[in-house]
There are 2 protein chains.
Amino acid sequence: MQIDPGGERPPARVRPASQHLHRLVELSSEFERGLARELGINLTDLEAMEHLIQDGPLSPGDIARRLGISAASVTIAVDRLSAMGHVSRQPNPLDRRGVLISATPDSRQRTMSVLMPMIFAVDGVLDEFEPEQQATITRYLLRVTDRYQEKVDRLGD
Amino acid sequence: MQIDPGGERPPARVRPASQHLHRLVELSSEFERGLARELGINLTDLEAMEHLIQDGPLSPGDIARRLGISAASVTIAVDRLSAMGHVSRQPNPLDRRGVLISATPDSRQRTMSVLMPMIFAVDGVLDEFEPEQQATITRYLLRVTDRYQEKVDRLGD
DNA sequence: CTAATTTAGTTAGCCTAACTAGTGAATACT
DNA sequence: AGTATTCACTAGTTAGGCTAACTAAATTAG
């Protein structure tokens, strides 16, 4: 039940490109949710898996720093993932206190089989454009991320 | 403690534009987290606020549908937001069972004062490009969102 | 026109996943 | 050598979802 009390609301002064960008951000979190559901894990654990697949093996401390959660929470997350066969713990040969977490080959493959088509689908859009157009697109995205980064950095001032 | 066991890992076969795009998605959720922290509310409540500011007033049921959470959870969220003075409940004049939630002017302004500069910063990047380059960028983003949408739709098959 | 069903919002109680604090073992300082 | 720090983990707490059940109002059926 939505009621519009009259037209004193911020109009959409923003160009279509920016609207698409916003929509893209929404879609990407929908995609992550869907992928997590497909793998039967939660979003945090999926994020950990992505780091492990991309850059693993990682220590629990690494994962904690990357996800911005506590080491204690990572212990629990690794327990969950390990119980489902998604990751395994190995002793760190360089530090006898330490542990290294790796994604299991099976889980890596299962995740990649969903992730890679998405990655290539997005990257493939560039092939529809001429090299100089691609350069324009790249420059635009770089400029936008730069501005975003500035805003993020200045949030706590 | 990251250890690279040797170079049998998926190389970055993806072009810079796609990497920037991925970075952008990460930054945007960082921004949301920062904004939520700044307002002293959680991410769910922030998402509700954004809908209320953009399209409000909304019924609790509307909010539940938009956020993909249960109506019961919305009741609690509105309680939280209301206790902090971010929203208020009004009876729905068209349905005596119903309630309408609106963002308070104060909170609306506070949120907008962070959101608008970000929105304009991103939109403003387009001004650095010629009209035909802007058209290219728009077309690219539209194509990417389309592909993203397809992938999202086909996640549960 | 009354009775049954549906819809809206809320309340109560449960579960997941985060957090902080504290522990034992290994490593790093000096 | 002795102290301090770092690492992963455990225990206990808290936040914020969920489902189920309830009340009140609106709608539909007989």
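Each chain gets a letter, A, B and so on, in the order its sequence line appears, and its residues count up from 1. All of these numbers come straight from a predicted model, not from anything done at the bench.
- Between D/dT10 and A/Thr75, no contact under 4.0 Å exists linking OP1 or OP2 to a side-chain N or O.
- Within 4.0 Å (heavy atoms only), A/Ala71 reaches no atom of the nucleic acid at all.
- Among C/dG9, D/dG17, C/dC19, the nucleotide with an atom closest to any side-chain atom of A/Ser70 is C/dC19.
- If you check every strand for non-hydrogen atoms under 4.0 Å, B/Ala72 touches a base.
- Looking at A/Ser107 and A/Ile53, their side chains never come closer than 4.5 Å, going by heavy atoms from C-beta outward.
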Dump every N/O contact between nucleotides 22-26 of chain D and the protein below 3.5 Å, one line per pair.
residue: D/dA26; atom: OP1; partner: B/Arg96; partner atom: N; Å: 2.9
residue: D/dA26; atom: OP2; partner: B/Arg96; partner atom: NH2; Å: 3.3

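- The side chain of A/Asn42 sits closest to C/dA17 out of D/dG17, C/dA17, C/dG9.
- B/Asp127 has no carboxylate O lying under 4.0 Å from a charged side-chain N of A/Arg143, or vice versa, which leaves the two without a salt bridge.
- Taking the nucleotide of DNA chain D with the nearest heavy atom to each of A/Gly98 and B/Ile41, the more 5' of the two is matched to A/Gly98.
- Taking for each of B/Ile101 and A/Thr44 the nucleotide of DNA chain C with the nearest heavy atom, the 5'-most of the two is the partner of B/Ile101.
- Nearest to the side chain of B/Asp79, among D/dT19, C/dC19, C/dT11, sits C/dT11.
- For A/Glu26, the salt bridge (charged side-chain N to carboxylate O under 4.0 Å, His left out) criterion is met by A/Arg23, not counting sequence neighbours.
- Checking A/Ser88 against A/Gln90 by side-chain atom types alone, a donor-acceptor pair falls below 3.5 Å.
- B/Thr145 places a side-chain N or O within donor-acceptor distance of the main-chain N or O of B/Leu142, the cut-off being under 3.5 Å.
- The side chain of A/Arg89 has D/dC9 as its nearest neighbour among D/dG17, D/dC9, D/dC18.
- Note on residues 32-50 of chain A: pairs passing side-chain hydrogen bond (donor to acceptor under 3.5 Å, both in side chains), not counting sequence neighbours, are A/Asp45-A/Arg80.
- When heavy atoms are screened at a 4.0 angstrom cut-off, B/Ile69 is found touching the sugar-phosphate backbone but no base atom.
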